[in-house]
2 protein chains.
Amino acid sequence: MPAKDVPDIVVSRLPLYLRALSFLAEEGLQVISSKELGHKLGISPAQIRKDLSHFGEFGKQGTGYNIQYLRDQLRRILKVTEEREVALVGAGDLGRALMHYGGFAGRGFRISLVFDNNPQKIGQKMGPFEILDSESIETIVADRGIEIAIVAVPAEAAQEVVDALVRAGVKAILNYAPITVKVPEGVHVQYIDPVIHLQRMTYYL
Amino acid sequence: MPAKDVPDIVVSRLPLYLRALSFLAEEGLQVISSKELGHKLGISPAQIRKDLSHFGEFGKQGTGYNIQYLRDQLRRILKVTEEREVALVGAGDLGRALMHYGGFAGRGFRISLVFDNNPQKIGQKMGPFEILDSESIETIVADRGIEIAIVAVPAEAAQEVVDALVRAGVKAILNYAPITVKVPEGVHVQYIDPVIHLQRMTYYL
DNA sequence: GCGCTTTTGTGAAATCTTAAACATAATATA
DNA sequence: TATATTATGTTTAAGATTTCACAAAAGCGC
């Protein structure tokens, strides 16, 4: 359905292009060349053109790319044309910050369920949602047909939560817990651990 | 001082090794082979051995790696043997979550300054710190000799904040704002944008 | 219309990265 | 002590990714 065989590393850059194009469209700009876009992103123009060429021909020679058109094409390719429901597990400080984060809307995602295993929190409100018992992840997430989840629980609980999400049919997991989790083939995991990112820079200090 | 010419991509994996080894050390384990470690991390044993070989010989044939020893060596290589001070800019929900995050201690970092530009917030306490005026980033961060900063402000403010941090002498920036920023040669930036990570997975759904 | 400039899409070349394979060394077994 | 097993560090090969370079197309000015 998508394309035949696009390298993962190419796919991983598309969201960066989309983010920049959305920003440029907001600014009211119409057209941008691979050279200009590359300059903004710190990526070579050739790489941008090559990446996009995996999916079709979106530019016009001598002119560049129509910003709105390319943005829409990237949204289609990345399948974020409609807002997708996301289940959030973990109602701690990080969970709350994610809940209140205004940046999901308009970029393809909407948190629509929140779970926690703390009896003190279950039943309470967080934002517009009632915090649900983590025990019910399997049934509720499956019922709603939710495919995407964010895990914001301590490391000790993460694998267990991920297992429940996988059983519920979740196919994409954004894991904030500082641990590598095991998932079956076909389930995707992305990791966010600020310490890992910081340590990637201290080497160069 | 570090090594002659280690590829960035190799350096980027070292923190993952360190994280796993610290966890194993906590568990009381003594020794691990590249095969076992690779299995835990989803990385090939050959790659782990190759990566480590850039920095020296840390293992013993027939046995594997001494966990504590290799952990200590990685801490040394990544220069996180002592806790480093980090300046946090942005005292919103995310900033608060980072402030309260217990995961920095013991992994080489300690937030020790918090800035915001909101007059309502300046002077208030957040955790153990008084929120300082963003206007004073340049002087205070420079005075303290802080080299690392976390940017947790809206996209519109990010470049301006980054510029101030760079002028203050910061060399490593973890940017949570959903925008690519410009920095001079020699300043390192890592990005965390949950939407980017989510969009890297929706392609495969 | 005609040259001049710009910029795309792409095949080929260059570079970088990963995986495979193996000699060597350490340990365990008997 | 000899033999079998395990696992490293490194060399070599394979594979993946990026860069280069250029033909073709589109717009602009005159």
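The sequence lines fix the lettering, A, B, ..., with proteins before strands; numbering per chain opens at 1.
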Checklist outcome for this item: To the nearest angstrom, the CZ-P distance between A/R49 and D/dT19 comes to 12 Å
Next on the checklist: Quick check for you: to the nearest 0.5 Å, what is the distance between A/I9 atom CD1 and A/L14 atom CG?
Outcome noted: 11.5 Å
Item to check | Partners passing salt bridge (charged side-chain N to carboxylate O under 4.0 Å, His left out) against B/R75 (at least two apart in sequence or in another chain) | outcome: B/D72
Just the atom pairs and distances: protein N or O near nucleotides 14-18 of chain C's N or O, under 3.5 Å.
| from | atom 1 | to | atom 2 | distance (Å) |
| --- | --- | --- | --- | --- |
| C/dT18 | OP1 | B/R13 | NH1 | 3.0 |
| C/dT18 | OP2 | B/R13 | NH1 | 3.3 |
| C/dT18 | OP2 | B/R13 | NH2 | 2.8 |
| C/dT18 | OP2 | B/Q47 | NE2 | 3.1 |
| C/dT18 | O5' | B/Q47 | NE2 | 3.1 |

Item to check | Integer-rounded Å distance: D/dA7 C1' and B/N66 CG | outcome: 15 Å
Item to check | Flag for A/Q47-A/D51: side-chain donor and acceptor within less than 3.5 Å | outcome: no
Item to check | Test item: B/H39 and A/K182 side chains (from C-beta on) under 4.5 Å apart, heavy atoms | outcome: yes
Checklist entry - Below 4.5 Å, heavy atoms only, C-beta onward: do A/L52 and A/Y65 meet side chain to side chain? => result yes
Next on the checklist: What is the distance, to the nearest angstrom, from the NE2 atom on A/H54 to the C1' atom on D/dT18?
Outcome noted: 11 Å
Going by atom type alone, with no hydrogens or angles, which donor-acceptor pairs under 3.5 Å involve a side-chain atom of residues 22-29 of chain B and a protein atom two or more places apart or on another chain?
| from | atom 1 | to | atom 2 | distance (Å) |
| --- | --- | --- | --- | --- |
| B/S22 | OG | B/L18 | O | 3.0 |

Item to check | Interatomic distance, B/I48 CD1 vs C/dA20 P [rounded to whole Å] | outcome: 14 Å
Checklist entry - So which of residues 28-36 of chain A are in contact with DNA chain C, with a heavy-atom cut-off of under 4.0 Å? => result A/S33, A/S34
Checklist entry - Who are the salt bridge (charged side-chain N to carboxylate O under 4.0 Å, His left out) partners of A/R144, not counting sequence neighbours? => result A/E85
Checklist entry - Are any of A/Y65's side-chain N or O atoms less than 4.0 Å away from OP1 or OP2 of C/dG9? => result yes
Checklist entry - Is B/L98 close to B/Y176 at the side-chain level, that is, under 4.5 Å between some pair of heavy atoms? => result yes
Item to check | Close side-chain approach of B/K60 to B/V31, heavy-atom, < 4.5 Å | outcome: no
Checklist entry - Would you call B/P194 and A/L174 a side-chain contact if the rule is heavy atoms closer than 4.5 Å? => result yes
Checklist entry - Checking A/D116 side chain against A/K121 main chain: does a donor-acceptor pair fall under 3.5 Å? => result no
Next on the checklist: Please report the distance, rounded to the nearest Å, between CG in B/L37 and C1' in D/dA7.
Outcome noted: 13 Å
Next on the checklist: Does B/K79 qualify as a cation-pi partner of A/Y203, given the criterion of NZ or CZ under 6.0 Å from the six-membered ring centre and within 45 degrees of its axis?
Outcome noted: yes
Checklist entry - Under a 4.0 Å heavy-atom cut-off, which of residues 180-189 of chain A touch DNA chain C? => result none
Item to check | Atom-to-atom span, CD of B/E57 to P of C/dA26 - whole angstrom | outcome: 11 Å
Checklist entry - Quick one: salt bridge (charged side-chain N to carboxylate O under 4.0 Å, His left out) partners of B/E36, sequence neighbours excluded? => result none
Look for any protein N or O under 3.5 Å of an N or O in nucleotides 23-26 of chain D and output each such pair with its distance, or none.
| from | atom 1 | to | atom 2 | distance (Å) |
| --- | --- | --- | --- | --- |
| D/dA24 | N3 | A/Q61 | NE2 | 3.1 |
| D/dA25 | O4' | A/Q61 | OE1 | 2.2 |
| D/dA26 | O4' | A/Q61 | O | 3.2 |

Checklist outcome for this item: Numerically ordered, the residues 16-27 of chain B set in heavy-atom contact under 4.0 Å with DNA chain D is none
Checklist entry - Under a 4.5 Å cut-off applied to non-hydrogen side-chain atoms, are B/Y191 and A/L16 in contact? => result no
Next on the checklist: Can you confirm whether A/L21 sits close enough to A/I32 that some side-chain heavy atom of one is under 4.5 Å from a side-chain heavy atom of the other?
Outcome noted: yes
Next on the checklist: With ring pair (Phe, Tyr, Trp, His ring centres under 6.0 Å) as the rule and sequence neighbours excluded, what pairs involving residues 75-107 of chain B come up?
Outcome noted: B/Y101-B/F104
Checklist entry - With B/D193, which residues qualify under salt bridge (charged side-chain N to carboxylate O under 4.0 Å, His left out), at least two apart? => result A/R19, A/R107
For nucleotides 28-30 of chain D, give me every protein contact, N/O to N/O, under 3.5 Å, one pair per line with atom names.
none

